[in-house]
Protein chains: 2
Amino acid sequence: MSQSTRPSDRRVTITDVAKAANVSAATVSLALNGSLRISEATRQRVERCALSLRYQPNHAAASLRKQTTQTIALAVPDIGNPVYIEIARTVQQVARQRGYHLHLISTESQPSEEAHALGTLAHRSVDGLILISLRGASGLDSALRDVAGPVVIIGHLRDIVCDNVTVDSAAGAALAARHLWSVGCSQLAFINGAAGTWPSAERWRGVQNALLAANRTIPPALRVQEDFTLDGGYRAAQRLMTQGVHFDGLVCANDLMAIGAMRSLREHGVHLPEDMAVIGMDDIRECQVTTPPLSSVSLMAGERGRLAAQLLFDRLSGGEDGPPRQLTVSPVLMARGSTAPRQEPEAGVDA
Amino acid sequence: MSQSTRPSDRRVTITDVAKAANVSAATVSLALNGSLRISEATRQRVERCALSLRYQPNHAAASLRKQTTQTIALAVPDIGNPVYIEIARTVQQVARQRGYHLHLISTESQPSEEAHALGTLAHRSVDGLILISLRGASGLDSALRDVAGPVVIIGHLRDIVCDNVTVDSAAGAALAARHLWSVGCSQLAFINGAAGTWPSAERWRGVQNALLAANRTIPPALRVQEDFTLDGGYRAAQRLMTQGVHFDGLVCANDLMAIGAMRSLREHGVHLPEDMAVIGMDDIRECQVTTPPLSSVSLMAGERGRLAAQLLFDRLSGGEDGPPRQLTVSPVLMARGSTAPRQEPEAGVDA
DNA sequence: TTGAAAGCGTTACCAC
DNA sequence: GTGGTAACGCTTTCAA
């Protein structure tokens, strides 16, 4: 079976196949791309030749000629962050399903790297780009004008217009607060993430809305702000407990902080969830393995990825017309053990 | 400042810049690519023109001509798996640092998709490929012969020869067992993952080695096998506890199973880590948020990615000569609360 | 149904 | 130093 026929050194090109099949290069191209205007006989002959020569069309050449790369790019702020990975996963799924490749770019949240990502689009390395931007995609205004294809931004748009997918994280924060009340909490505390960021502003806004609507308050002593990390949550909870103000429900601006806070609470002898209900946001995997499992508000990362990809492919296939479209997905409550409904204290048995 | 100068519809090419700068296309190319044989004056002129025209070199054209894409591909079995993400992260780092782009392909462990990944290399979409293969890269033998560039495989090579990076997970399992003895365990149990897979075979082999060397045994009743999931671990632990054979240390073939097992143990009133030490493998993020934090054996995913990338770029830049190289990294113990050293029962105070 | 030829936008090898 | 010119490998008219 060693019908190798290897052309020694050189790559095998379309003309090699053409010669072997006794047709022109044009015919080979047509035949291999399934054109209907080729006789069944030649098609088969060509296919056999291509196979036995192990012909592989050169992608760069085809791209150059067709002016399309069959590739989209996804630029994420940090490839280590599971939330972005979740987005990447669904984007990859849609892309593959459409026969596209995926270029992954990690920007580390640096504007220079975001510009670089747009560069790949400008260079026509890719046909379209999905960009996840934290800082509200501000400096990209001009860069967006130079690119040679559609762009979809996931995250908050500061002042530019562009196809975009966001999640209503204010609504998510409100959802979290209301959930705590619904399981019987009477006084909430709130741990927010790094000041000055869009997510932290939004989440506080959401909590405020909920407070207003429920005619309740969170005194300043029960509002603390740290960065969005495990340690941040730990420190924040410690500070809350030194305030001397009683609270029995804790809303955290993300899960990492919530987990850190739970650790601190437990160290101070607070029983979860009996003494205190805790809820986070993001619904990361870790929620399922804490004790008790952490309730959270899913920000629908996967769904956002799917929608963004859809938006992008709409532009790619349907023609580029139409005004920018903004999609907003709604967060979803994931109730778990950390917010188990309160027992009425009538029949409580303390082990 | 609106020096737009936009050539209406058409993309701006190198000849546009050439005309604007009153030089030839060749000169533009040389100037922009930093050739030394261009006068400083022309270089600056060309650069200004390129900038003001917003010229972006076409990547496909350059690739076609240069026969290189400045892109490598990484094919992972499952983009949802944090272990592979960790690999992806370091590969991406090395790639960027070398000025290369990263193509990410998720194969879902399907041989057809692995072949597809190799296809991107054959099509010269990419210059090189790192392939993470679970099933020991068996059917790829012939496909590997057709590709147009270097391939590095992360994982076990069944019978093919190829640059490759593996981790000695047998050593890792032995490490886990020895660690449990060192913290005072006298009888171990072992929860293994899905039968018939390479990792499960290796890890059991490692435990056996350790047992042999320590002159100890794990009776069959204390060896169970489930799939590598949280639920698998949960079920496995349940089965262990119905055996009626006492054990005080539990080695799990991965962290997910260990976490599931911990949950089951706790539900049965077993105190961790006082009554039972538990250790997993992989060192996933979740280890840090369980109660107690789960000890684990890191399989050095990031390091493997880094090494694989290094191997690949050695081929890419240094010339393709040299026989296949096989690298094996050593696992590292990550001791945490779940394997806290045993208190001697003399001064124990039960709260 | 098939073939010839003209690009796609670069880079590289020559002359000048 | 700089400018022609010929590839790179493919697709796509347009004729035959």
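Just so it is clear, the values below take in all heavy atoms, side chains as well, and ignore hydrogens, waters and symmetry mates.
- When the local axes at the two ends of the helix from dT1(C)-dA16(D) to dC16(C)-dG1(D) are compared, using 5 base pairs at each end, they differ in direction by 40° after rounding to 10°.
- For the 3.5 Å distance criterion, the side chains of Gln326(B) and Thr328(B) fail to qualify, holding no donor opposite an acceptor.
- Taking atom CD of residue Gln70(B) and atom P of nucleotide dT10(C), one finds them 16 Å apart after rounding to whole Å.
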Under 3.5 Å between N/O atoms: give me all the protein pairs with nucleotides 1-3 of chain C, atom names plus distance.
from   : atom 1 : to       : atom 2 : distance (Å)
dT2(C) : OP1    : Ser39(A) : OG     : 3.3
dT2(C) : OP1    : Thr42(A) : OG1    : 3.2
dT2(C) : OP2    : Ser39(A) : N      : 2.9
dT2(C) : OP2    : Ser39(A) : OG     : 3.4
dT2(C) : OP2    : Thr42(A) : OG1    : 2.8
dT2(C) : O4     : Arg37(A) : NH2    : 3.2
dG3(C) : OP2    : Ser24(A) : N      : 2.8
dG3(C) : OP2    : Ser24(A) : OG     : 3.4
dG3(C) : OP2    : Thr27(A) : OG1    : 2.7

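- Here His101(B) pairs with His103(A), His116(A) under the ring pair (Phe, Tyr, Trp, His ring centres under 6.0 Å) rule; sequence neighbours left out.
- Contact check of residues 56-68 of chain B against DNA chain C (heavy atom, cut-off under 4.0 Å) returns Gln56(B), Pro57(B), Asn58(B), Ala61(B), Ala62(B), Arg65(B), Lys66(B).
- Remark: the backbone N or O of Thr68(B) is not paired with any side-chain donor or acceptor of Asp127(B) at under 3.5 angstrom.
- The side chain of Ser29(A) places no N or O atom within less than 4.0 Å of a non-bridging phosphate oxygen (OP1 or OP2) of dC10(D).
- No donor-acceptor distance shorter than 3.5 angstrom exists from the side chain of Thr15(B) to the backbone of Ala18(B), with no hydrogens or angles considered.
- Side-chain atoms of Ser35(A) never come within 3.5 Å of backbone atoms of Leu30(A) as a donor-acceptor pair (strictly under, hydrogens ignored).
- Arg325(B) has a carboxylate O that lies under 4.0 Å from a charged side-chain N of Asp314(B), or vice versa, which qualifies the two as a salt bridge.
- In this structure, CG of Leu32(A) is placed 16 Å from P of dG9(D), rounded to the nearest angstrom.
- The pair Glu113(B)-Arg96(A) meets the salt-bridge criterion, since a charged nitrogen lies less than 4.0 angstrom from a carboxylate oxygen.
- Within the 3.5 Å criterion, the main-chain N or O of His59(A) finds a donor-acceptor partner in the side chain of Ser63(A).
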For residues 71-85 of chain A, dump all side-chain donor-acceptor pairs below 3.5 Å to protein atoms at least two apart in sequence or in another chain.
from     : atom 1 : to       : atom 2 : distance (Å)
Thr71(A) : OG1    : Thr69(A) : O      : 3.0
Asp78(A) : OD1    : Gly80(A) : N      : 2.7
Asn81(A) : OD1    : Val83(A) : N      : 2.8

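- Atom CG of Asn33(B) and atom P of dT10(C) are 11 Å apart (whole Å).
- With sequence neighbours excluded, the residues satisfying ring pair (Phe, Tyr, Trp, His ring centres under 6.0 Å) with Tyr100(A) are Phe313(A).
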